[in-house]
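Report on one structure; see the data block that follows.
Throughout, a chain's letter reflects where its sequence line sits, starting with A, and its residues are numbered from 1.
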Number of protein chains: 2
Amino acid sequence: MQKKKVSLKDIAKKVGVSIATVSYVLSKDKESKVSLAVAARVKKAAKELNYQPNQIAKSLKSGKTFTIGLILADISNPFFAHIARIIEDEASKKGYTVIFGSSDEKAEKSWDLIQFLINRQVDGFIIAPTEGSQEQIKYLKNQNIPFVLIDRCFPELVTNYVIIDNFKAAFEAVDRLVKTANKKIGVIAYSTTLHHMKERIHGYYEAMHKNGLEVKKEWVKEIDFFDIKEGIKTAIDEMLMNKNPVKAILFTTNSLAIHGLKYLDELNYRVPQNISIVSFDEGEAFDFYYCPLTHIKQPLLEIGRTAVKILIEQISDPSLEEQQILMNATLIVRKSCDRR
Amino acid sequence: MQKKKVSLKDIAKKVGVSIATVSYVLSKDKESKVSLAVAARVKKAAKELNYQPNQIAKSLKSGKTFTIGLILADISNPFFAHIARIIEDEASKKGYTVIFGSSDEKAEKSWDLIQFLINRQVDGFIIAPTEGSQEQIKYLKNQNIPFVLIDRCFPELVTNYVIIDNFKAAFEAVDRLVKTANKKIGVIAYSTTLHHMKERIHGYYEAMHKNGLEVKKEWVKEIDFFDIKEGIKTAIDEMLMNKNPVKAILFTTNSLAIHGLKYLDELNYRVPQNISIVSFDEGEAFDFYYCPLTHIKQPLLEIGRTAVKILIEQISDPSLEEQQILMNATLIVRKSCDRR
DNA sequence: AATATATGTTTAATCGATTAAACGAAAAAA
DNA sequence: TTTTTTCGTTTAATCGATTAAACATATATT
């Protein structure tokens, strides 16, 4: 059996005062009410007994748990793991704990997590929402539960969010590819209605258009989340084996790039000699890739910190206006898109 | 303001019965006490109001939070992120939530986290302990707070733990290096008193000894956690630039291997032509390394699942004996140690 | 000396759920 | 008909902390 924990009651008994007095002493700011002599004895006893306040009881009374629910696609994905770490640090600085859950991009799992965490009385959420989770987000709004979306957002809903300008990021990347002598450029994205993905594709189209380049149907590929490996193969095969094979590819996520580059290797395509590459996000994996990769770098630290900041503001004052933060990604230019 | 949540009180009022009756109805197993008619009305009302029990209140009453505290070195390290994900899934299957924290290998941070999570009334801990955290572990034992150590353990303390046989893993790896024509083998580890690291080094020594090979002082390097990059450089320089340069290196962690391989690249050493390599753990990063890496694969899924299983057993019955689980790692042989 | 004010401490309600014990009414046993 | 059981429901205590309000004392004011 766990040694029963020391409570205010135990201190009160030991010192010979009421529980209330002990409470007043130990909640600092109210100390003035209590005589110095008694306060000293209470503090001494608290130290001797190694009193640790029961946060559960505090939470029940106050309705606050100082806990943030963090819902990501998959904590074992380096991109999300990195964000999780940043959020953890930032939250902890402000006295908040993080409870996380992985949705695996499934709306149902996401809903289960939300329900679960609401029952655990989290004070708010930071969510990278899955496709089709609009109703869940609306529910949170209706219930006035504070939350901030990250990485993705639903433009049709007014919510807090912190994301990058995906359109611009993709646009700049493709524009760069064009500038470095590429005309036949393809894009590989996930097959999803999620706005950030659409924006990345949109950015691609606009950059092509702005540069007066035609886009062939075979150059734009959307791949199923749940079968990346096969999807990538088919997509790349189709991009390369037609009368207008692409000479450059924009991968819209880290995972897509990893799988794509592996397959290009199998096909004995060399980067950048045979094909140019730009990818979203970084990854340890790329460190060992023979050709330094041009990629779109998201300001993860700012995203995480801002999300926590907005959430905590919102928790303290739920009447605040929702904030929409659009950050800029940076195009890090390396060898992989240089074919001159 | 957050819409105030529906409580038993609200249902009771709506139905016109006491709170106790509602509680009896909704706690299923006791349903028999209540008349079917009333039970039906209560259930209906609960559904209509979308009642969600307040877990905080439940926890206060029961003393159980169904929450596990997970303390790792760094959630953004893929090795730990992977374990975290496994633990999350396994815990969630059994109705537990995970609260995590990163210790950054610092005993002080670890202690803060433990205190913090105890106040949050976690039911137990899964911990990858840091160097010098023995007292913290003893404290948990004294307080009879259930916990399971993973990845590392303190042999001088009787605790639950789930680790791999590090000695054996290192032994087999080095033995394999010897069998593939290497005689001059070095090892790079962290400079720490943590037992798992010592065991890995010990395994190296024993394998060398068993094969009748002498170990030069310059071949065994221990590197500071907090300055890997520089440490690796110095270590490798010293291993290579002496009258008995090594022809093979065992890296005792993933991160050491990543930094080490990068530096070897800088030095224009080719694997396995100029040097053989074996590493602990896998990593996405290795996928793009030009030479497939021989590595020691830990059974992460089993480790995570077993740790959760033992912890929950221990939570349910704290009088159970501590369990020490030693799992076997697997040596995955690839090209990086094949110099014949 | 009588009254007002300040000071220090306790009482008791509260958060939301659980549950032993008490209670009242109906059904069964005498 | 009276007594005993059974059944269904409510009362009230509890978990640990907070905090308004009540209550004593002591001190200050008139």
Side-chain angles (χ1 to χ4, degrees), chain A residues 1-43 45-46 49-67 118-123, chain B residues 1-43 45-46 49-67 118-123:
Chain A
M1 281 292 278
Q2 191 167 334
K3 257 181 211 171
K4 67 176 179 317
K5 289 210 30 170
V6 179
S7 69
L8 291 186
K9 205 179 187 176
D10 302 311
I11 301 178
K13 198 177 298 171
K14 174 156 181 170
V15 178
V17 293
S18 74
I19 293 175
T21 302
V22 178
S23 172
Y24 283 126
V25 172
L26 298 179
S27 44
K28 309 180 195 301
D29 44 319
K30 305 272 170 47
E31 196 179 326
S32 51
K33 299 186 67 169
V34 183
S35 71
L36 288 175
V38 173
R41 282 163 58 215
V42 167
K43 281 181 190 163
L49 295 173
N50 184 32
Y51 169 73
Q52 300 288 134
N54 182 326
Q55 294 295 339
I56 297 290
K58 274 193 174 170
S59 294
L60 180 59
K61 188 79 222 303
S62 67
K64 287 211 57 182
T65 55
F66 288 95
T67 298
I118 288 179
N119 294 353
R120 287 249 190 304
Q121 312 297 122
V122 298
D123 291 335
Chain B
M1 280 291 279
Q2 190 166 333
K3 259 181 210 170
K4 67 178 183 308
K5 288 211 30 170
V6 179
S7 69
L8 291 186
K9 204 179 189 176
D10 302 310
I11 301 179
K13 197 176 298 171
K14 173 157 180 170
V15 177
V17 294
S18 73
I19 293 175
T21 303
V22 178
S23 172
Y24 283 127
V25 172
L26 298 179
S27 44
K28 307 179 196 301
D29 43 320
K30 304 272 169 50
E31 197 181 326
S32 51
K33 297 186 70 171
V34 183
S35 72
L36 289 175
V38 172
R41 282 164 57 217
V42 168
K43 281 182 190 162
L49 296 173
N50 184 31
Y51 169 71
Q52 300 289 133
N54 182 325
Q55 294 296 336
I56 297 291
K58 273 193 177 172
S59 294
L60 180 59
K61 189 79 223 301
S62 67
K64 286 211 59 183
T65 55
F66 287 96
T67 298
I118 288 178
N119 294 353
R120 287 248 189 306
Q121 312 299 122
V122 298
D123 291 336

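- In this structure, the NZ atom of B/Lys9 is 15 Å from the P atom of D/dA12, given to the nearest Å.
- Considering only side-chain N and O atoms, B/Ser35 lies under 4.0 angstrom from the phosphate OP1 or OP2 of D/dT9.
- Counting to the nearest Å, the P atom of D/dG16 and the NZ atom of A/Lys5 are 10 Å from each other.
- Among the duplex regions that DNA chain D forms, those built from at least three successive Watson-Crick or G-U pairs under 3.5 Å are C:2-29 with D:2-29, ordered by first number.
- In terms of phosphate contacts, B/Lys33 brings no side-chain nitrogen or oxygen within less than 4.0 Å of OP1 or OP2 of C/dT19.
- Nearest-nucleotide positions on DNA chain C for B/Thr21 and A/Lys61 put A/Lys61 closer to the 5' end.
- Using a 4.0 Å heavy-atom cutoff across all strands shown, A/Ile19 reaches at least one base atom of the nucleic acid.
- Along DNA chain D, the nucleotide nearest to B/Leu60 and the one nearest to A/Ala20 differ in position, and the one closer to the 5' end is contacted by B/Leu60.
- Note on A/Ser23: a side-chain N or O is less than 4.0 Å away from OP1 or OP2 of D/dT18.
- When the P atom of C/dA17 is taken as reference, atom CD of B/Gln121 falls 19 Å away, rounded to whole Å.
- Look at CG on A/Leu26: it is 14 Å from P on C/dT9, rounded to the nearest Å.
- Contact annotation: the side chain of A/Thr21 never approaches that of A/Val15 to less than 4.5 Å [non-hydrogen atoms, C-beta and beyond].
- Comparing B/Val38 and B/Ala57 against DNA chain D, the residue whose closest nucleotide sits nearer the 5' end is B/Val38.
- A distance of 8.5 Å separates OG of B/Ser62 from NZ of B/Lys58, quoted to the nearest 0.5 Å.
- Counting atom types as modelled, B/Tyr51 pairs no side-chain N or O with a base atom of C/dA17 as donor and acceptor under 3.5 Å.
- Rounded to whole Å, the distance from CG on B/Leu8 to C1' on D/dT10 is 15 Å.
- Atom C1' of nucleotide C/dA17 and atom CG of A/Asn119 are separated by 13 Å, given to the nearest angstrom.
- With contacts defined as side-chain heavy-atom distances shorter than 4.5 Å, the pair A/Ile11/A/Leu26 qualifies.
- Separating the CD atom of A/Gln55 from the C1' atom of D/dC15 is a distance of 15 Å, rounded to the nearest angstrom.
- In this structure, the side chains of A/Asn54 and A/Lys5 stay at 4.5 Å or more apart for every pair of heavy atoms.
- Of the candidates C/dT9, D/dA17, C/dT10, D/dA17 carries the atom nearest the A/Lys58 side chain, counting heavy atoms from C-beta on.
- Between the NZ atom of A/Lys13 and the C1' atom of C/dT10 there is a distance of 17 Å, given to the nearest Å.
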